[in-house]
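Reviewing the structure listed below.
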Amino acid sequence: MEIKACLFDLDGVLVDTAVYHFKAWRKLANHLGFDFTEAQNEQLKGISRVESLNKILAWGNVEKTEDEKQQLATEKNEWYVAMISKMTPAEVLPGTVDFLTAIKKAGYKIALGSASKNSALILERTQIAHFFEEIVDGNLVSKSKPDPEVFLKGATLLEVQPSECVVFEDAVAGVEAAKRAGMKAIGIGSAEVLTQADLVVQNLGQLTIGHLQQLSEL
């Protein structure tokens, strides 16, 4: 099936906002009286804010009511938004702009598929928003990856079949979501970790239109 559309995760694929999530979650943990490690932060990749908060509270053996959890999640997000509001185009990951330019010129449809509720702000601050025809993020979907909802909605908005899409993901849950949606998946990161992906590269700069054409033939 010919690939007609490219769906991109945001964090770790186009830009690296993980450091800001880490700083904001760590600040929250410290406020609650315990620390939060980078190794623990890795376990939060690709999951929602609420799920992340539940994991962190469990690690700190802290119990909160649902109302208190909402308040904590809001507070963490305010700190995070303050940090990403200062992002610049220099924080776009290597090769990203060149690859987006190439696929847009070649006529591929492009959408974002991210759990982030702040994706529009990040795309605007890093000056890559103009590449995307559709933005599907945490404001439009309710189910977290590995549920395929975010990518299926992207295909619907781009008016293509799931089998005509390729997803770019750095998280295991994201690659699984792509596969459950019936899409091809290109992993950004380690082949040993992203075992379900059809192809794995270190960053978008290692990809060409030829790679997409090869996936069409699989």
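Keep in mind it's a predicted model, so treat the numbers as computed, not measured.
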Item checked: More than 12 heavy atoms of other groups within 6.0 Å of Lys109 NZ -> yes

CD of Glu169 to CD1 of Ile186, rounded to nearest 0.5 Å, is 12.0 Å

Hydrogens and angles aside, do Ser116 and Asp137 bring a side-chain donor and acceptor to less than 3.5 Å of each other? no

Is there a path of hydrophobic side-chain contacts, each under 4.5 Å between heavy atoms, that joins Ile110 and Ile128? yes

Tell me, yes or no, whether the heavy-atom count around Glu63 atom CD, taken from other residues, nucleotides or ligands under 6.0 Å, exceeds 12. no

Smallest heavy-atom separation, Ile188 atom then Gly12 atom, equals CG2-O, 3.9 Å

Gln71 atom CD: more than 12 heavy-atom contacts under 6.0 Å
no

### Task
Report yes or no: do Glu91 and Tyr20 form a side-chain donor-acceptor pair below 3.5 Å?
yes

Examine the side chains of Asn77 and Asn118 and answer whether a donor and an acceptor come within less than 3.5 Å of each other.
yes

Honestly curious: do Val193 and Val200 fall in one hydrophobic cluster under the side-chain, below-4.5 Å linking rule?
yes

Verify whether one side chain among His130 and Lys104 offers a donor that lies under 3.5 Å from an acceptor in the other. no

Indicate yes or no: does Glu176 engage Arg180 in a salt bridge with an N to O separation below 4.0 Å. yes

- So do the side chains of Ile209 and Ile103 get within less than 4.5 Å of each other, counting heavy atoms only? yes

- Query: Mind checking whether His31 and Trp79 have ring centres under 6.0 Å apart?
  - Reply: yes

Notebook entry, point to check: For Glu149 and Lys143, what are the C-alpha separation, side-chain angles and deciding distance, and is it a salt bridge (Lys or Arg N to Asp or Glu O under 4.0 Å)?
Noted result: CA-CA 6 Å; Glu149 182 188 18; Lys143 297 178 184 131; 5.1 Å; no

Pair Phe22 and Tyr80, ring centroids less than 6.0 Å apart
no

* Kindly work out whether a path of hydrophobic side-chain contacts (I/L/V/M/F/W/Y, heavy atoms less than 4.5 Å apart) joins Leu14 to Tyr108. => yes

Between Glu51 and Ser48, do the side chains contain a donor N or O and an acceptor N or O under 3.5 Å apart? yes

Value for CZ (Phe8) from CG (Leu10), rounded to nearest 0.5 Å, stands at 11.5 Å

Here the gap from Glu159 atom CD to Glu134 atom CD, rounded to the nearest 0.5 Å, amounts to 8.5 Å

